[in-house]
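Since we're looking at a predicted model, the values are computed, not measured. The figures here come from the full heavy-atom set of this structure, side chains too, leaving out hydrogens, waters and symmetry mates. Note on naming: letters A, B, ... go to the chains in the order of the sequence lines (proteins, then strands), and numbering restarts at 1 for each one.
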Amino acid sequence: MRLITHNMLKCHVKNCTDPDKQFPLRFKDVQLEQIDAERNNEFLVRMLPRIDWPALSKTTKELDITLPETVPGNPEDDEEFLQALHTAILETHIKQGSMLCDGCGHEYKITNGIPNMLLAEHEI
Amino acid sequence: MKLKQLEGYLGDVAVFKEPKAQLEQYPTTAHLASRILYTAETTYGDIDGKAVVDLGCGCGVLAIAAGMMGASHVLGADIDAGALETAQANIDEFGLGDTIDLVQGSICSENDTGSLSVNKGLLLRMEQAFDTAILNPPFGTKPGNKGIDVLFLQAACMLARGAIYSLHKTSTRDYLVRKAQTWGFECEVLAELNFDIPMMYKFHKKKSVDVKVDLLRLYKKQT
């Protein structure tokens, strides 16, 4: 799973409703792998508004990945920014580990790059 | 990539090792998957450079086809760990690990009254995050999952801002066209097909059975 997907995952345990705590999910004991991918600037610029920037910023800091604090005014003209964004969201793979919810403590496991978002019956 | 080429490649996608009848696990053929994705890109431009989601991805054939037709990012979601394991092996085999992510989750959840609805809790942050959705959803023929085909389509409409390509029994066509309208979508039938479902499960009596299926394309109504 890459960070572009992590940016779309939130805790959905019953009664876990604080939006500030249930997203983004906090990584625990993770194994990262960086895999090159072809960059498509037009795609990145189009995806930008759909990304939760504060969440991405928080997560990349936790993982020690370089990313600007804020989105520049003209991202489409900023090659450096686009490369940093590309590497962060499309080339950073989380292979093993888990994701914790700061709200309810639920742990979502990641195995061979696939996060398990299934919940037990009492959590739905 | 030519259609025949794509179909040839997709023939190498491994299918379910131990298909589970309750989940209606039937592999989408290379023939069909190639035609859906080829049309989606060459006629409508819905794949190349786009973010694509495959709901109920199974062994990943649609997701892989999307990757081969130039999608910039693909997410495949499925409830079954076994299917996802096969899907990941397929993705690695095709060298598409740099493009396709997989997630294990349930598109539907049971609410307090015991009926199924879209799992909004899981999907909320994915709303409108994708350009295109492609799916071959369960038809809802198993006890307890009646209407699951409609819910998958509804989920796809929540997630994709551009177009949705989905397969549904022809017998549900009129109902789905009306439902799509209530969600703000137009629905066109791109093709009428015969699903040749081969004998896969112990309860299957015939060698194979033909089910009439529509390939639907949904897109947002112009306001």
Point to revise | Among the listed options B:Ile79, B:Thr99, B:Ile100, B:Leu84, the residue most often paired with chain A at heavy-atom distances under 4.5 Å | key: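 Top count of heavy-atom pairs under 4.5 Å with chain A: B:Thr99.
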
Check your understanding: Top residue by heavy-atom pair count (under 4.5 Å) with chain A, among B:Ser109, B:Ser106, B:Ala81, B:Ala51?
Key ->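 Of the options given, most contacts go to B:Ala51.
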
Less than 4.5 Å to any heavy atom of chain B: does that hold for the side chain of [X], its backbone, both, or neither?
X        : value
A:Tyr108 : neither
A:Ile114 : both
A:Asn7   : both

Exercise for review: I would like to know whether B:Phe130 and A:Met47 meet side chain to side chain contact (heavy atoms under 4.5 Å, CB included); could you show each step before the answer?
Suggested key: CA-CA 9 Å; B:Phe130 295 91; A:Met47 279 306 282; over 6 Å; no

Donor-acceptor contact present, side-chain [X] to main-chain [Y], <3.5 Å:
X       : Y        : result
A:Lys10 : B:Gly121 : yes
A:Arg50 : B:Ala129 : yes
A:Arg2  : B:His73  : no
A:Arg46 : B:Gly49  : yes

**Study point:** Distance in Å, B:Gln88 CD paired with A:Asn112 CG, rounded so as to fall on 0.5 Å steps
**Key:**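 With rounding to 0.5 Å, CD (B:Gln88) is 7.5 Å from CG (A:Asn112).
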
Exercise for review: Measure across B:Asp101 and A:Thr5 and return the closest heavy-atom pair with its distance rounded to 0.1 Å.
Suggested key: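 Between these two residues, the closest heavy atoms are OD2-OG1, 2.5 Å.
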
Practice item. Flag yes if more than 12 heavy atoms outside B:Glu186 fall under 6.0 Å of its CD atom; otherwise flag no. Key: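 Count over threshold, so yes.
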
Exercise for review: Kindly write out the residues that satisfy salt bridge (Lys or Arg N to Asp or Glu O under 4.0 Å) with B:Glu18, not counting sequence neighbours, or none if the list is empty.
Suggested key: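 None.
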
Check your understanding: Does any non-hydrogen side-chain atom of B:Lys50 lie less than 4.5 Å from one of A:Phe43?
Key ->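 They are not in contact (no side-chain heavy atoms under 4.5 Å apart), so the answer is no.
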
